[in-house]
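Just so you know, these numbers come straight off a predicted model, no measurement behind them.
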Amino acid sequence: MSDDTGARSDYDIRKVLAALPHRYPLLLVDRVRSIDLGERIHAVKAVTFNEDFFQGHFPGAPIMPGVLQVEAMAQAAAILGIETLELAGSGKLVYFMGIDNAKFRAPVTPGCLLDLEVEFLQKRSRVYKFKGRASVEGKTTSEAEFTAMIADPPAG
C-alpha cells in the first residue's frame with residue numbers, strides 16, 4: 001500500500017527479500033509494518049528459538065546478541081535506503097561504515113517480536129546516517145546511530 005506522501009505499509013517477506021540481498025541465517029527482518037520513504041521505517045524480526053546463534057549464546061539462557069540487534073536495525077535501514085532511492089533489484093549493496101552510541105538496554109529472548117524503528121539523520125550523496133531503536137512490547141532493548149554507504153558489490 002502507498003499514499004501520496006510516500007508512506008507505505010505491510011511489506012511481507014517477499015518484498016523484504018526483493019529489497020535485501022541477505023538470506024537465512026543472516027536475514028534479520030521478517031516484515032515491514034510501515035515505511036515513510038526518505039524518512040523512517042518500522043520493521044519486525046520474529047525471534048525464534050530455532051535461530052542459529054541461540055545454540056551458543058547462551059545454552060540454557062538464550063539471549064539474542066546485541067550486535068545482531070544492531071544488524072537487524074541496519075537491515076531495516078538498508079530497506080529504507082533502497083526503497084527511497086528506488087534501487088530494489090539493482091544489485092546495489094548497503095555497507096556499514098560506522099556505529100556510534102550503541103547501547104544495550106534489555107535482553108531479547110526467543111518468542112519476542114523485535115520492533116525495529118530507524119530514521120534518517122543525514123543524507124549525503126551515497127553516504128547516509130541513521131538512528132535506530134529496537135524494542136520489545138515498547139521497552140527499548142538496544143539503540144544506535146550508524147553510517148552506511150550504498151555501492152556496487154565488490155568485483156567477483
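Contact between E83 and A88 at its shortest, heavy atoms only, is OE2-CB, 3.8 Å. Between E51 and T48, the shortest heavy-atom distance links the atoms CG-O, 2.8 Å. Nearest approach of A78 to L20, heavy atoms of both residues: CB-CD2, 3.7 Å. Between A76 and V118, the shortest heavy-atom contact is CB-CG2, 4.1 Å. Scanning both residues, V108 and C112, for their nearest heavy atoms gives CG1-CB, 4.3 Å. Nearest heavy atom pair, residue F130 against residue L80, reads CE2-CD2, 4.2 Å.
Within the model, atoms OG1 of T109 and CZ of F49 stand 11.0 Å from one another, a figure rounded to the nearest 0.5 Å. Rounded to the nearest 0.5 angstrom, R105 CZ and K139 NZ are separated by 11.5 Å. With rounding to the nearest 0.5 Å, the separation of CZ in R126 from CE in M97 is 9.0 Å.
For K103 and E145, the salt-bridge test fails: no basic side-chain N is under 4.0 Å from an acidic carboxylate O. Note on D152 versus K92: salt bridge recorded, some NZ/NE/NH1/NH2 to OD/OE distance being below 4.0 Å. A salt bridge does not link R40 with E117: every distance from a Lys NZ or Arg NE/NH1/NH2 to an Asp or Glu carboxylate oxygen is 4.0 Å or more.
Side-chain contact check for P154 versus Y95: some heavy-atom pair is nearer than 4.5 Å. Side-chain contact check for V16 versus L27: some heavy-atom pair is nearer than 4.5 Å. Counting only heavy atoms from C-beta outward, the side chains of T147 and V127 approach each other to under 4.5 Å. Side-chain contact between L114 and T141 is present, with at least one heavy-atom pair separated by less than 4.5 Å. Counting only heavy atoms from C-beta outward, the side chains of L116 and H42 never approach each other to under 4.5 Å. By the 4.5 Å heavy-atom criterion applied to side chains, E143 and N101 are not counted as neighbours. In this structure the side chain of V32 never reaches within 4.5 angstrom of the side chain of K15, judged on heavy atoms. Side-chain contact between M149 and R124 is absent, with no heavy atoms from C-beta onward closer than 4.5 Å.
Linking Ile, Leu, Val, Met, Phe, Trp and Tyr residues whenever their side-chain heavy atoms come within less than 4.5 Å leaves L113 and I41 in two separate clusters. Cluster membership for V44 and I79, using ILVMFWY side-chain heavy atoms within less than 4.5 angstrom, is not shared. Linking ILVMFWY side-chain heavy atoms closer than 4.5 Å, directly or via other members, places L87 and Y11 in a single hydrophobic cluster. Under the 4.5 Å side-chain heavy-atom criterion for ILVMFWY residues, a single connected hydrophobic cluster contains both V136 and M73. Clustering ILVMFWY residues whenever any of their side-chain heavy atoms sit less than 4.5 angstrom apart, transitively, puts I13 in the very cluster that holds I82.
In terms of modelled atom types and a separation under 3.5 Å, the side chain of D30 and the main chain of A46 share a donor-acceptor contact.
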(message) If you apply the rule side-chain contact (heavy atoms from CB on, under 4.5 Å), what do you find for V29 with R31, and how did you get there?
(response) CA-CA 6 Å; V29 173; R31 177 173 289 279; over 6 Å; no
(request) Verify side-chain contact (heavy atoms from CB on, under 4.5 Å) between L28 and H22, making sure each step is shown before the conclusion. (result) CA-CA 8 Å; L28 299 174; H22 303 76; over 6 Å; no
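Other residues, nucleotides and ligands contribute more than 12 heavy atoms inside 6.0 Å of the CZ atom of R23. In this structure, Y24 places its OH atom where more than 12 heavy-atom neighbours from other residues, nucleotides or ligands lie under 6.0 Å away.
Taking the six-membered ring where tryptophan is involved, the planes of F96 and F146 are perpendicular, since the angle between them exceeds 60° and thus also 30°.
Y128 meets the ring pair (Phe, Tyr, Trp, His ring centres under 6.0 Å) test with F120; sequence neighbours excluded.
When only modelled atom types and interatomic distance are considered, R133 and T140 share a side-chain donor-acceptor pair under 3.5 Å.
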